[in-house]
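Data first, discussion second: the structure below is written as structure tokens.
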Protein chains: 2
Amino acid sequence: MAGRPINHQRRQELLDAAVGFAAEHGFAEVSWRTVAAAVGVSPTTLVHHFGTKEQMLEAILGRLRERMFAATRDPSGERPGLAAEARAAWARAADPRREPEFRLFFAVYGSALQAPQQFADFLDHAVTYWMVALIEAQKDEADPATAVRRATLVIATIRGLLLDLLTTGDRARVQETAEAFFDTLEETLERPPIH
Amino acid sequence: MAGRPINHQRRQELLDAAVGFAAEHGFAEVSWRTVAAAVGVSPTTLVHHFGTKEQMLEAILGRLRERMFAATRDPSGERPGLAAEARAAWARAADPRREPEFRLFFAVYGSALQAPQQFADFLDHAVTYWMVALIEAQKDEADPATAVRRATLVIATIRGLLLDLLTTGDRARVQETAEAFFDTLEETLERPPIH
DNA sequence: TAATTCCTTGTACGGTCGTACTAGAAATCG
DNA sequence: CGATTTCTAGTACGACCGTACAAGGAATTA
């Protein structure tokens, strides 16, 4: 009765390859034929696994979002303090090997047409995650309002510095700025203001 | 001898219309035919004024960059203090009416293929401008190194917050964070650290 | 007025795009 | 083995793309 089983792993392989191609050549270059040629399969094979091109783009975006979220989250699950965690997140994101990925991420980020809801959700998740981290960091004086503001500021700063890092040729300038920011963040959290 | 004079104003009109279309529909939708249909002229007319499509895209990017730089700079030329200036820059950039423009700006920002040098230069100009403003703000204790870091941080923060503003549905959260950031920036500049 | 140059338009060509259709090879179950 | 479903590949079709070419109307100078 039942025929050949569906090979889910095969789809993941093709998806990873498609993400790699998109990160390297940009979204504008993504087509059935170009991706197929780069991967080494027939265009029809990609159509068979993804359905339509829009579905393939959504799949690429979804996987890209997963990687971005994994990059900004501490994989160990430990909470050595907010400043340290922010520092680690920066170090992970500022990895030059991730540059093509982040380029593609930001390119899609600004686009109003490419699945904006997905990225809005992604951003909200990031804010929530950091807000929780911030509240846990300063356990006693947990003011939700300032925690949200600080989480928003940390995320925005890291993101803005990453944009700078992708654009400028002076990586050292951005790197030093990031370290200085984390230093002041550490001081602020260790010595909370009186008022 | 001489024939009909070149109408430079006509090109600017078409360019403005093209920028408006690109900001509204995104770069992916820009083609001779689509822009021509939106503007109300023949595709051949656009070809005549811009030459090739790549040149038209460059013209659009150049004009977009001009608007972005004008938006982040104080048109009055006065220097009421860095924090006030940063506040004004934020107010100008966070204008909801500019949202399509900024969307397009960030969409191109991350792209590695679309004239990256232009945007690298743009960023360097912005850093230089803010650095000068910072040094002038704290005239006596002018440390170039920290001035550059602070300029980088201010730019990155504003840019990151703008990205957040374009993505999230909670504008108030971002707005409050921005105001809090400018407050602390003001305090930091008025009361420089001892060390 | 005649010549010259710019502005605008229509048409046509080669190329790439997404997608549908057909068909053979591979793998699983009765 | 035979039936059934998945995987892969080839082909073809209509649509849009950027660009080149030809031609008529508009504006300026000699």
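As the structure is a prediction and not an experimental result, all values here were calculated from the model. Below, chains carry the letters A, B, ... as their sequence lines are ordered, and counting in each starts from 1.
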Taking atom [atom1] of [X] and atom [atom2] of [Y], what is their separation to the nearest 0.5 Å?
| X | Y | atom1 | atom2 | result |
| --- | --- | --- | --- | --- |
| B/Glu54 | B/Leu57 | CD | CG | 7.5 Å |
| A/Phe21 | A/Leu104 | CZ | CG | 11.5 Å |
| A/Trp32 | A/Thr52 | CH2 | OG1 | 6.5 Å |

Contact list please: residues 9-21 of chain A against DNA chain C, heavy atoms, distance less than 4.0 Å, in numerical order.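 Per residue number, the list is empty: none.
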Want to settle it: does B/His8 or A/Thr34 sit nearer the 5' end of DNA chain C, counting the closest nucleotide to each?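 The residue whose closest nucleotide sits nearer the 5' end is B/His8.
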Nearest to side-chain heavy atoms of [X], which nucleotide of [options]:
| X | options | result |
| --- | --- | --- |
| A/Arg33 | C/dT9, D/dA12, C/dA12 | D/dA12 |
| A/Pro5 | D/dA27, C/dA27, C/dC7 | C/dA27 |
| B/Thr44 | D/dG10, C/dG10, D/dT6 | C/dG10 |

Check the distance between [N]'s [atom2] and [X]'s [atom1] and give it to me in whole angstrom.
| X | N | atom1 | atom2 | value |
| --- | --- | --- | --- | --- |
| A/Met56 | C/dT19 | CE | C1' | 13 Å |
| B/Leu46 | D/dT19 | CG | C1' | 13 Å |
| B/Phe50 | D/dT19 | CZ | P | 13 Å |
| B/Lys53 | D/dC17 | NZ | C1' | 8 Å |
| B/Asn7 | D/dG25 | CG | C1' | 15 Å |
| B/Ile6 | C/dC7 | CD1 | P | 6 Å |
| B/Gln55 | D/dT19 | CD | C1' | 13 Å |

Quick one: is [N] close enough that its OP1 or OP2 comes under 4.0 Å of any side-chain N or O from [X]?
| X | N | value |
| --- | --- | --- |
| B/Thr45 | C/dT9 | yes |
| A/His48 | D/dC7 | yes |
| A/Ser42 | D/dT8 | no |
| B/Trp32 | D/dT19 | yes |
| A/Ser31 | C/dC17 | yes |
| B/His49 | C/dC6 | no |

Side-chain donor/acceptor of A/Arg4 to base of D/dT6, under 3.5 Å: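 Such a pair is found, so the answer is yes.
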Just wondering, do B/Val148 and A/Glu176 contact through their side chains at under 4.5 Å, heavy atoms?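 In short, these two side chains do not touch, never coming nearer than 4.5 Å.
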pair A/Pro43-A/Arg33: side-chain heavy atoms closer than 4.5 Å: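 Yes, at least one pair of side-chain atoms sits under 4.5 Å.
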Less than 4.0 angstrom from a charged side-chain N to a carboxylate O is my criterion; do A/Arg173 and A/Asp164 meet it?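 Yes, charged N to carboxylate O under 4.0 Å.
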Go through the steps for B/Trp90 and B/Gln175 under the test side chain to side chain contact (heavy atoms under 4.5 Å, CB included), then give the verdict. CA-CA 10 Å; B/Trp90 167 259; B/Gln175 200 69 35; 3.0 Å; yes
Could you pull out all residues at least two apart from A/Gln12 that satisfy side chain to side chain donor-acceptor pair (under 3.5 Å)?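 Once residues adjacent in sequence are excluded, the partners of A/Gln12 under the side chain to side chain donor-acceptor pair (under 3.5 Å) criterion are A/Arg63.
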